[in-house]
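Input: a single structure, listed below in structure tokens.
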Amino acid sequence: MPENLKLNTFLQEFHSDCKHPECSFGFYGFAFGQSPFPVPEPVKRALIENADKGAYAGVPGIQELRETISKYNKRNFDIDVDPSRVYVGPGTKELIFNLLEILHGTVILPTPAWLGYLPQIRFLKKNYHMLHVAKNGKITPNDLEHLTLRLHDRQKILILNNPNNPTGLIYSRLELEEIADVCRKHDILVISDEIYALTTYDINKFVSMGKIYPEGTFVTNGLSKSHAAGGYRLGYVVFPQHATELKKQFKKILATEYTATSTPIQHAAIAGFSESREMDEYLEITRRIHEIMGWYTYEGLNRIDGVKTTKPESTFYLLADFNAYSDDFLANKITNSQKFSESLIQHPYHTALVGGDSLVLERTDFSARIAFIDYNGKKAMENYVECQPKTNSDKIEFVKNNAPKIVDGIAMIERYLKDLKKETNSKISHQKTTDGETVSIP
Ligand SMILES: Cc1ncc(COP(=O)(O)O)c(C=O)c1O
């Protein structure tokens, strides 16, 4: 079962099983990757106004939407994209799968990674290689080049997820330029999954790979994250320049697999991607709130003894490293990351996160993705508009008032780790009293 399905089922089954009345708070939800905000008003209105559009759309998407996406790319990412390079599909997940269907060569998958890619690569029986990120949480051109030289396929496909799920990090222009140099030299095409682009807290810092390596990059983006409309299922891909033959093949695949994307949803997307004061405000406010929640979560987790995390600059995730507790995990028979997430969801902790096994990390890597989205996004937006937090203490107040489960959830993670240590220490002293001397814990 795909990891996200497994997680969903696990949380639902587990929670209905907890008999303790003090656990009526549900669980602390650091696991799901879903924006907490409401769908933007212009998008909702456009969907309602176009509910009567019952005719099939053309395979690549309706022309007005492709033109709007072209302007959206110019406005936000300073890329000149002819509308003929834009293909619309039911979510970027589907489009990435379709791209992997038509592209030949070995896939290079940087890890940790979003849990959606690997099942697709395996399903399509493609050759693939992992490329573990460096200490700064990003892949380096040197590591990419070294790996590339070991691969036999002439063409390679790098899946670059920028901004990144799970780290929340973004690649700088210089980092992208250096990666692009390696790609040009070694025949590497890039699928640049930029679904979180417009959640970047300082939007001026985001650079699209489509700008840096336009001749070899497929950029995917959509409504799901920045526009909080994952359920609308609308994504797009911008093809590289001069990819006429690939576009033809892609069109065939789309026509064969799903004919076209829902027409009313495409009209809703036109409103979402068009320039308007309402959309600009929505994107700005939601970015600010993601930033505050990310900052609070980062500060809160890094204050816990032995916990280190990435510092998110975008998205609603960070990657937390709990490996300083490896000995304690092992002493308590928590031998891999899946057992770690299972033990944390158990009574009394009820805290859900995504463990390393679902991030394509080694099973014994006790890192985990923390999503900071467990709050009422609509209320938080209203409160933000009413009174914008400016100082750090305003921000702390804002999180406490709007996202108490994030505050309590971080405290619960700390309690879990303290209990784990206590448990280890009591095992050690038990060993001491039974054996008369300290023995190493297996
Ligand atoms: C990195 C990344 N790419 C793609 C997707 C899927 O996006 P869509 O809803 O457009 O299929 C997600 C969703 O969680 C994601 O985190």
Side-chain angles (χ1 to χ4, degrees), residues 2-8 29-37 39 43 61 65 69 72 86-100 107 109-121 123 133 137-139 157-171 190-200 206 208-209 217-238 254 257-258 261-262 265-266 268-269 272-273 290 294 310 312-319 353-354 358-360 368-373:
E3 293 299 342
N4 42 358
L5 276 185
K6 211 161 77 184
L7 182 73
N8 248 319
F30 292 116
F32 290 126
Q34 175 139 286
S35 169
F37 298 118
V39 174
V43 176
L65 176 56
I69 291 171
Y72 181 76
V86 178
Y87 276 66
V88 177
T92 57
K93 189 175 189 176
E94 180 68 41
L95 290 167
I96 292 168
F97 186 76
N98 300 145
L99 287 173
L100 291 171
V107 180
L109 180 64
T111 59
W114 171 51
L115 42 77
Y117 306 124
L118 193 56
Q120 296 195 350
I121 296 168
F123 188 85
V133 296
K138 306 182 202 178
I139 57 164
I157 307 152
L158 169 68
I159 299 184
L160 187 73
N161 177 209
N162 176 41
N164 187 263
N165 170 6
T167 63
L169 300 176
I170 52 173
Y171 283 82
V190 178
I191 296 179
S192 190
D193 177 352
E194 300 181 0
I195 189 81
Y196 293 95
L198 285 202
T199 65
T200 305
F206 176 76
S208 170
M209 192 58 154
T217 303
F218 299 80
V219 179
T220 57
N221 201 342
L223 281 185
S224 295
K225 307 296 175 179
S226 43
H227 296 65
Y232 275 47
R233 307 309 303 129
L234 187 126
Y236 68 80
V237 50
V238 176
L254 264 54
E257 292 188 9
Y258 46 81
T261 308
S262 151
I265 293 292
Q266 292 199 50
F273 295 137
H290 284 316
T310 53
E313 302 169 271
S314 183
T315 76
F316 27 87
Y317 313 109
L318 54 75
L319 186 74
L353 43 65
V354 174
S358 301
L359 304 170
V360 201
R369 186 188 79 178
I370 306 281
F372 29 93
I373 43 80

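Order of listing sets the numbers, starting from 1, for every ligand and every atom in it. Remember, predicted model here, so these are calculated numbers, not experimental data.
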Which protein N or O atoms sit under 3.5 Å from any N or O of ligand 1? Give atom names and distances.
from	atom 1	to	atom 2	distance (Å)
ligand 1	3 (N)	Asp193	OD2	2.5
ligand 1	7 (O)	Thr92	OG1	3.0
ligand 1	9 (O)	Ser224	OG	2.6
ligand 1	9 (O)	Arg233	NH1	2.7
ligand 1	10 (O)	Thr92	N	2.8
ligand 1	10 (O)	Thr92	OG1	2.8
ligand 1	10 (O)	Ser224	OG	3.2
ligand 1	11 (O)	Thr92	N	3.2
ligand 1	11 (O)	Lys93	N	2.9
ligand 1	11 (O)	Arg233	NH2	2.8
ligand 1	14 (O)	Trp114	NE1	3.4
ligand 1	14 (O)	Lys225	NZ	2.7
ligand 1	16 (O)	Asn165	ND2	2.8
ligand 1	16 (O)	Tyr196	OH	2.7

**Request:** Kindly write out the residues that satisfy side-chain contact (heavy atoms from CB on, under 4.5 Å) with Gln34, not counting sequence neighbours, or none if the list is empty.
**Result:** none

**Request:** Could I get the full list of side-chain contact (heavy atoms from CB on, under 4.5 Å) partners for Val133, not counting sequence neighbours?
**Result:** Pro112, Ile139

**Prompt:** Counting N and O atoms only, with roles assigned by atom type, does the side chain of His227 sit under 3.5 Å from a partner on the main chain of Gly272, one being a donor and the other an acceptor?
**Reply:** yes

**Request:** Mark yes or no for whether Glu257, through its side chain, and Asn98, through its backbone, hold a donor-acceptor pair below 3.5 Å.
**Result:** no

**Message:** Under a plain distance cut-off of 3.5 Å, with no hydrogens placed, do Glu194 and Ser208 share a side-chain donor-acceptor pair?
**Reply:** yes

**Asked** With sequence neighbours left out, what residues match Phe218 under ring pair (Phe, Tyr, Trp, His ring centres under 6.0 Å)?
**Response** Phe239

